[in-house]
2 protein chains.
Amino acid sequence: MMKNLPHKTIERLSQYRRALLICLEKGQTHIYSHEIAKIQHITAVQVRRDLMLIGYTGTLRKGYNVKDLIDLIGNIIDSTEGINVAILGMGNLGRALINYFAGKRSQLKIVAGFDINPDKIGNTMSGVPCFSSEDMNRIIREKNIKVGIMTVPAEFATSTAEQLVKAGIRGILNYTPKPVTVPDSVYLEEYDMITSLEKVAFFVKINED
Amino acid sequence: MMKNLPHKTIERLSQYRRALLICLEKGQTHIYSHEIAKIQHITAVQVRRDLMLIGYTGTLRKGYNVKDLIDLIGNIIDSTEGINVAILGMGNLGRALINYFAGKRSQLKIVAGFDINPDKIGNTMSGVPCFSSEDMNRIIREKNIKVGIMTVPAEFATSTAEQLVKAGIRGILNYTPKPVTVPDSVYLEEYDMITSLEKVAFFVKINED
DNA sequence: GCGGTTTTGTTAATAATTTCACATTTTCTG
DNA sequence: CAGAAAATGTGAAATTATTAACAAAACCGC
Ligand SMILES: NC(=O)c1ccc[n+]([C@@H]2O[C@H](COP(=O)([O-])OP(=O)(O)OC[C@H]3O[C@@H](n4cnc5c(N)ncnc54)[C@H](O)[C@@H]3O)[C@@H](O)[C@H]2O)c1
Ligand SMILES: NC(=O)c1ccc[n+]([C@@H]2O[C@H](COP(=O)([O-])OP(=O)(O)OC[C@H]3O[C@@H](n4cnc5c(N)ncnc54)[C@H](O)[C@@H]3O)[C@@H](O)[C@H]2O)c1
């Protein structure tokens with residue numbers, strides 16, 4: 001069910017929820033498609049189309065119920081039992097991520113970090129225990145970790161991905177600038193900040209007439 | 001010229017270059033479309049189509065010349081005089097970014113950081129001087145900074161974006177989870193790691209049959 | 001209660017992106 | 001040198017994503 005939602009829609013649903021959570025905190029009970037659209041820099045039609053795809057129906061002239069919509073998006077994109085996540089490489093970026101995620105989403109819990117630096121192993125950072133990379137296989141299985149976020153140095157990207165796959169991981173988010181290869185059964189997402197920055201720089205350049 | 005390249009192509013060109021630079025370092029002189037494709041997890045046709053769009057012609061049976069292609073991609077996406085970049089918010093993520101970018105791309109130079117924490121102002125981090133946010137307007141104009149990377153706490157996202165726009169910035173890369181609004185003349189790119197993680201988690205969930 | 005306005009939901013149209021299919025060229029092999 | 005194999009380049013088709021257009025319903029002001 002809901003397996004064939006467009007990839008772009010999945011991303012937007014996550015973003016809608018983020019915006020809706022802010023509205024909920026502010027005590028807002030309803031929201032119009034064009035309000036969501038404004039926040040996300042897209043069109044109101046697109047918002048309505050996405051909500052149509054997940055079968056949510058708003059109220060005419062009142063818009064969408066913020067709380068209900070948050071819940072429905074949760075039903076669609078979250079998994080019921082939650083998903084345990086590991087950080088590979090507790091360096092600058094790894095720590096920044098742990099800090100950022102701490103308590104943000106109850107369905108996604110960072111339950112372990114891994115490193116090879118003996119000074120870090122055994123410590124806890126923002127509530128996340130750091131283990132030795134050597135124990136990756138065991139810990140990932142013990143803690144039922146499904147997703148790994150790779151923040152190791154680029155030269156260790158390939159070997160770390162291999163270890164993760166061997167340990168039975170189901171999804172990898174790779175922040176390393178080194179693309180990795182995984183079997184089809186593992187979902188892979190790669191992101192490089194330089195690509196984003198170069199894209200911004202490109203459009204700045206061509207806007208300069 | 002080259003103004004109407006598809007957005008997706010721009011992103012991929014940046015990624016091709018990243019891969020090609022690694023090949024160049026290894027001493028590889030030529031590369032086939034299917035080799036590039038494998039690295040980027042896309043199809044060879046897509047690579048050829050992108051290169052067709054930028055007017056690059058490879059050699060039949062030899063593939064593409066690594067060095068030439070790197071140079072051509074540079075001609076397309078880099079601006080000739082280089083672009084100066086500022087980091088807004090020298091916290092965990094800001095410092096991680098400075099560290100990461102240091103010396104990676106000569107065309108994109110992080111020339112200033114801004115913060116409001118007096119302990120940070122006046123210091124230098126990985127060669128990047130940290131200024132007070134109050135001086136943003138002056139410094140951005142003095143140093144001819146065109147692009148800003150926002151890594152301030154979410155509650156300061158809106159005001160920081162406003163300051164940047166007032167200072168005449170041309171592009172913003174927003175890593176804050178708070179979407180911001182800017183005039184059409186400013187190119188805006190937003191990225192939230194939670195969206196990426198939720199996307200990975202979603203596909204892990206639906207792959208579990 | 002009526003006419004005007006606003007908003008949703010959805011079909012149809014359009015636009016963007018990717019893939020297919022294949023002609024062409026080069027290289028290799030015997 | 002002929003035929004097979006491997007690669008590029010590209011028009012056309014297919015797919016995916018976005019936008020336009022509009023009917024229908026709800027509310028507002030009078
Ligand atoms: N810093 C950024 O903003 C940024 C942005 C994009 C990508 N990246 C990439 O993310 C990665 C990490 O960046 P960083 O700034 O955190 O670097 P860092 O050097 O601060 O952290 C790397 C950490 O990984 C650990 N490590 C090394 N080998 C390991 C292994 N085999 N298994 C587990 N842990 C291991 C190190 O001990 C260190 O703690 C790099 O590949 C970098 O290119 C960084
Ligand atoms: N840490 C992550 O991995 C991560 C990931 C995605 C997004 N983010 C977002 O990036 C932002 C920064 O994250 P962080 O972990 O670096 O936080 P942080 O608290 O470590 O850093 C924020 C820095 O911004 C400075 N600051 C505060 N107000 C400012 C202002 N008005 N002008 C300039 N500087 C100001 C603070 O002094 C601090 O140095 C947050 O919005 C966070 O949600 C972080």
Side-chain angles (χ1 to χ4, degrees), chain A residues 2-16 19-20 23 28-69 72-73 76 184 195 199 202-203 206, chain B residues 2-16 19-20 23 28-69 72-73 76 184 189-190 195 199 202-203 206:
Chain A
M2 289 297 167
K3 292 206 185 201
N4 28 27
L5 289 173
H7 282 218
K8 288 282 184 68
T9 294
I10 300 298
E11 287 177 17
R12 283 192 298 260
L13 287 174
S14 166
Q15 288 161 2
Y16 297 161
L20 290 166
C23 295
Q28 192 176 346
T29 62
H30 287 79
I31 192 166
Y32 298 127
S33 59
H34 67 258
E35 293 177 302
I36 300 178
K38 183 112 186 272
I39 297 169
Q40 302 301 145
H41 317 299
I42 56 176
T43 66
V45 187
Q46 180 123 78
V47 173
R48 295 206 297 276
R49 159 127 340 225
D50 285 334
L51 300 190
M52 190 188 99
L53 290 175
I54 63 170
Y56 185 69
T57 292
T59 311
L60 248 172
R61 295 279 314 202
K62 271 199 179 168
Y64 305 96
N65 181 292
V66 173
K67 183 146 186 352
D68 289 354
L69 188 46
L72 179 61
I73 292 176
I76 304 285
D184 282 350
T195 295
K199 192 178 165 195
F202 174 78
F203 286 107
I206 66 171
Chain B
M2 290 297 167
K3 291 206 186 199
N4 28 26
L5 289 173
H7 283 216
K8 288 282 185 70
T9 294
I10 300 299
E11 286 176 16
R12 284 192 298 260
L13 288 175
S14 166
Q15 289 160 1
Y16 298 162
L20 290 166
C23 295
Q28 191 176 346
T29 62
H30 287 79
I31 192 166
Y32 298 127
S33 59
H34 67 258
E35 293 177 301
I36 299 178
K38 182 115 186 270
I39 296 169
Q40 303 300 145
H41 317 299
I42 56 175
T43 66
V45 186
Q46 179 124 78
V47 173
R48 296 205 297 275
R49 161 101 23 205
D50 284 334
L51 299 190
M52 189 187 102
L53 291 175
I54 63 171
Y56 186 67
T57 293
T59 312
L60 249 171
R61 296 280 313 198
K62 272 198 177 167
Y64 305 97
N65 181 292
V66 173
K67 182 143 186 353
D68 290 353
L69 188 46
L72 178 60
I73 293 176
I76 305 284
D184 282 352
E189 175 96 4
E190 311 204 309
T195 296
K199 190 177 166 196
F202 173 77
F203 286 107
I206 65 172

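Below, read A as the first sequence line, B as the second, and so on, with proteins coming before strands; counting in each chain starts at 1.
Atom CD1 in B/Ile42 sits roughly 20 Å away from atom P in D/dT15 (whole-Å rounding). Atom CE of A/Met52 and atom C1' of C/dA12 are 12 Å apart (whole Å). Going from atom CG of A/Leu51 over to atom P of D/dT18 covers 14 Å, rounded to whole Å. Regarding B/Leu53, its CG atom lies at a distance of 16 Å from the P atom of D/dT8, rounded to whole Å. Atom NE2 of A/His34 is separated from atom P of C/dT8 by 7 Å (rounded to the nearest Å). Rounded to whole Å, atom P of C/dT26 lies 14 Å from atom NE2 of B/His30. C/dT17 atom C1' lies 14 Å from atom CD1 of B/Ile10, rounded to whole Å. Following rounding to the nearest Å, B/Asp50 (CG) and C/dA16 (P) show an atom-to-atom distance of 16 Å.
A/Tyr32 has no side-chain polar atom (N or O) that falls below the 4.0 Å cut-off from OP1 or OP2 of C/dG9. Between A/Thr59 and the phosphate of C/dT7, there is no side-chain N or O to OP1/OP2 separation shorter than 4.0 Å. Neither OP1 nor OP2 of C/dG4 sits under 4.0 Å from any side-chain N or O of A/Arg61.
When each of B/Arg48 and A/His7 is assigned the nucleotide of DNA chain D with its nearest heavy atom, B/Arg48 is the one assigned upstream, toward the 5' end.
Closest approach of A/Val47 and A/Tyr16 over heavy atoms only: CA-OH, 3.6 Å.
Using a 4.0 Å heavy-atom distance criterion, B/Thr9 is classed as making no nucleic acid contact.
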Does the pair A/Ile10 and A/His7 meet the rule for a side-chain contact (heavy atoms from CB on, under 4.5 Å), with working shown?
CA-CA 5 Å; A/Ile10 300 298; A/His7 282 218; 5.6 Å; no
Walk me through it: do B/Asn65 and B/Thr59 pass the test side-chain contact (heavy atoms from CB on, under 4.5 Å)?
CA-CA 8 Å; B/Asn65 181 292; B/Thr59 312; over 6 Å; no
Full working for side-chain contact (heavy atoms from CB on, under 4.5 Å) between A/Tyr32 and A/Arg48
CA-CA 9 Å; A/Tyr32 298 127; A/Arg48 295 206 297 276; over 6 Å; no
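Applying side-chain contact (heavy atoms from CB on, under 4.5 Å) to B/Arg12 and the options B/Ile73, B/Leu5, B/Asp50 leaves one that passes, B/Asp50.
In the set C/dT18, C/dC20, D/dA20, C/dT18 carries the atom at the smallest distance from any side-chain atom of B/Gln46. The side chain of A/Thr57 sits closest to C/dG9 out of C/dT19, C/dG9, C/dA12. Of the candidate nucleotides D/dA21, D/dC27, C/dT18, D/dC27 has the atom nearest to the side chain of A/Lys62. Across D/dG9, C/dT18, C/dT26, the shortest atom-to-atom separation from the side chain of B/Leu60 is found for C/dT26.
For B/Arg12 and C/dT17, a side-chain-to-base donor-acceptor distance below 3.5 Å is absent, hydrogens and geometry of angles not being considered.
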